[in-house]
Structures are given as C-alpha cells and as structure tokens.
2 protein chains.
Amino acid sequence: MSAAMTPVNKDIENLLRSHRLKRTSARMEILSLLLGSSHTISYNDISDALGDNFDKSTVYRTLNSFEEKGIIHAVNDGTGGIKYAVTREEGREAHVHFKCDNCSQTYCLPDTKIPNVKAPRGFVIKNSSLLINGTCKYCS
Amino acid sequence: MSAAMTPVNKDIENLLRSHRLKRTSARMEILSLLLGSSHTISYNDISDALGDNFDKSTVYRTLNSFEEKGIIHAVNDGTGGIKYAVTREEGREAHVHFKCDNCSQTYCLPDTKIPNVKAPRGFVIKNSSLLINGTCKYCS
DNA sequence: AATATAAATGCTACACAATTGCATTAATAA
DNA sequence: TTATTAATGCAATTGTGTAGCATTTATATT
Ligand SMILES: [Mn+2]
Ligand SMILES: [Mn+2]
Ligand SMILES: [Zn+2]
Ligand SMILES: [Zn+2]
C-alpha cells in the first residue's frame, strides 16, 4: 500500500483510467499478467497464477470488460476455452494467431496480417480470423 | 420398413458401408441431415430436427465417428459448440468457412482456399483455418 | 433361419467453461 | 465524510461434451 509505485503499475493504472475502469486489485493483477505474457492466456492460466484470490466470475467479468474496452482481444484456438492477449499497436489490424502443437501455447503474430480472400458472389466480408497450427519458435 | 428404398438412402448406405460403419438408424438419419444441408450443422440442429429419437451421447458419438472416417469435418465458428459439414470433393483441401452475422449460419466455401501465409522465423506451419464473418448470400 | 460376436445405443453421471441473480463491499466523485 | 455507482463473492445454473456400463442391435457365420 505504501511502497513506491513501479512504473509498470503506473502504466496499468493509466490504462484502466483511460478506459474509465475502476482501479481494483483484480483488474490490476489480471491486466499485469496479460501485459507480461508473450502468449495468449486463459481463465485457467489466470486462476493458476493468482490462486483463489478472486472469484471465477470476477475473473471472467474482468476479461469481458477488458475486451469490451478493446484492451485485450479474444482468441479461440479450438482447445475449448477462450484465450486473451493485450491488443498492441501493431496488432490492431486483423492478425494471425499461432497455436503450437507441442507446447500448446497460442501466440499473436501481430506483424502477420490476414490476407484478403475473395468470397463467392453475394458473400460480404466484414472480418476474418486465421488460426495456424504447427510448431512455435521456442519448440522448433 | 417395407417402402421402396430411395436412391438417397442407397447413397447413404453405401457411404456407411464403404467406411465400415454399421447401418443404424441414428447414422442414417444424421448423415441424411448432413448431406441435405447447405450449411454446417450443430448437435442442437440435429437434436431439433430429430426430436429425442436418439440420445445425446449417440448423436455426439455418431458425429465423432463420421469425423474420424473423414465423412464430415468440424468447424468452430466461435459460437461455442462445434458444427459439422460433409466433406465434398472440392473441399478436401483446406477451405474457408463463412459465418453470417445475420442468419448466424456457417457455410463451407469449398472453392475458396486458405491462402498461404508466411509466419515469422522459427514458426513451422502445419495447417490453418480461416473463418470469415459477414453477410451471407442469402441475407445480402 | 438360428446363433455368435462385436459394435452401437441409452441411461446416468460427470467434467468443464462460462454466465447469472443478488446481497455485500469497495472505489471514486461530490 | 458521505453518497453514488460499480465491482465483487457466492451459489446456483446453463451449455457443451464425455465416460462407464448394462442392454440391444447389426452383421457375419453356421
Ligand atoms: Mn492476437
Ligand atoms: Mn468446410
Ligand atoms: Zn511451442
Ligand atoms: Zn445469412
């Protein structure tokens, strides 16, 4: 409570304030996890990392709030259960996600954009998501 | 039971026999639904169409059998719950799926192939799935 | 046609992800 | 400091899918 605030904490507070979200410890800790992760994380990852400090519904509601505000985005890698990652500048455009068959982590590839495809007559494209499976750079 | 067999039923029987699956009424009816559908269908679609003639586990197991044999393929359109479609000749290659925001049906686009993407160094691609959202040709 | 065998089915229970209503508590504004 | 509003915890509930096991059925064999 009285310890000097780390820059990271300041960043998180600003992020919350800029989206008009109250600064609660659940949000601070969950957002901190998300910001510090190189890959997408699930409810279970959060639950494991934070113990049972927060109720399941709080965690899910927190993730939903972040997503509504655009702070994070959801990734469905087909393993049942949604994963999330912070949306960084380069990743605002629709980017590819990569699921490693070996370590089963799912990564944002913010610089790998989804190519345009031409749908058949009558199909109007709004947006698209591309999931790649394979071996990630840490496993190959 | 004694009515003349329709050609469609013969097709279905042959399909089952060619994959060494026993001809049961669950399989006949579920495969008939799948063959007759222009879009992917879910467990719930099957359950609605067939009433409670078949147990939930039978339906799921039937779908899993069909998928293992390659008769159908699974599509995850992010709505929670897997959908299935018969794999037709043109669709054996990885093709795009289209989820309509209006009618919320999900379609195979067997002629729209998934473009190759170049992943960052170290990421080895095995396969990929591309889901497009928008308005389908029946809704536009 | 009767029988044997292996597979499919129905039932029940369970697993897991996620959501909801509601009373309580905490964060911010005034 | 108080009032207001939003967030939280808890318990129950929903939704999707799986699993064990006794029973039934499809098919091959006699
Ligand atoms: Mn991403
Ligand atoms: Mn398809
Ligand atoms: Zn990996
Ligand atoms: Zn439509």
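Predicted model only: the values in this text are computed from it and were never measured. Protein chains get the first letters and strands the later ones, always in sequence-line order, with residue 1 at the start of each.
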Starting at atom [atom1] of [X], determine the distance to atom [atom2] of [N], rounded to an integer number of angstrom.
X	N	atom1	atom2	answer
B:His19	C:dA7	NE2	P	18 Å
B:Asn76	C:dA17	CG	P	15 Å
B:Tyr84	D:dT16	OH	P	13 Å
A:Leu63	C:dA17	CG	C1'	13 Å
B:Tyr60	D:dG20	OH	P	18 Å
B:Phe54	D:dT24	CZ	P	17 Å
B:Arg27	D:dT25	CZ	P	15 Å
A:Ile41	C:dA17	CD1	P	15 Å

Taking A:Thr58 for its side chain and A:Phe54 for its backbone only, find out whether a donor-acceptor pair lies under 3.5 Å. no
Proximal nucleotide (of [options]) relative to the [X] side chain:
X	options	answer
B:Asp55	C:dT9, C:dC11, C:dA8	C:dC11
B:Ser57	D:dA12, D:dA19, D:dG9	D:dA19
B:Thr58	D:dG9, D:dA12, C:dT9	C:dT9
A:Ile82	D:dT18, C:dT9, C:dA18	C:dA18

Quick check on the 6.0 Å ring-centre criterion: do [X] and [Y] meet it?
X	Y	result
B:Tyr84	B:Phe66	no
B:His97	B:His73	yes
B:Phe98	B:Tyr107	no

Within the modelled atom types, does a donor on one side and an acceptor on the other bring the side chain of B:Lys56 and the base of D:dG17 under 3.5 Å apart?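 A donor-acceptor contact between them is present.
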OP1 or OP2 of [N] under 4.0 Å from side-chain N/O of [X]:
X	N	answer
B:Thr62	C:dA8	no
A:Asn53	D:dG9	no
A:Thr24	D:dT8	yes

Between A:Asp77 and A:Thr79, do the side chains contain an N or O donor and an N or O acceptor separated by less than 3.5 Å?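 Side chains of A:Asp77 and A:Thr79: pair found under 3.5 Å.
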Across the strands shown, which category fits A:Arg61 at heavy-atom distances under 4.0 angstrom: base, sugar-phosphate, nothing? base
Which part of the nucleic acid, if any, lies within reach of B:Asp52 when heavy atoms closer than 4.0 Å are counted: base, sugar-phosphate only, or nothing? nothing
Both B:Asn44 and A:Arg20 contact DNA chain D. Taking the nearest nucleotide for each, which residue is further toward the 5' end? A:Arg20
Residue whose nearest DNA chain D nucleotide is more 5′ - B:Tyr43 or B:Ser25: B:Tyr43
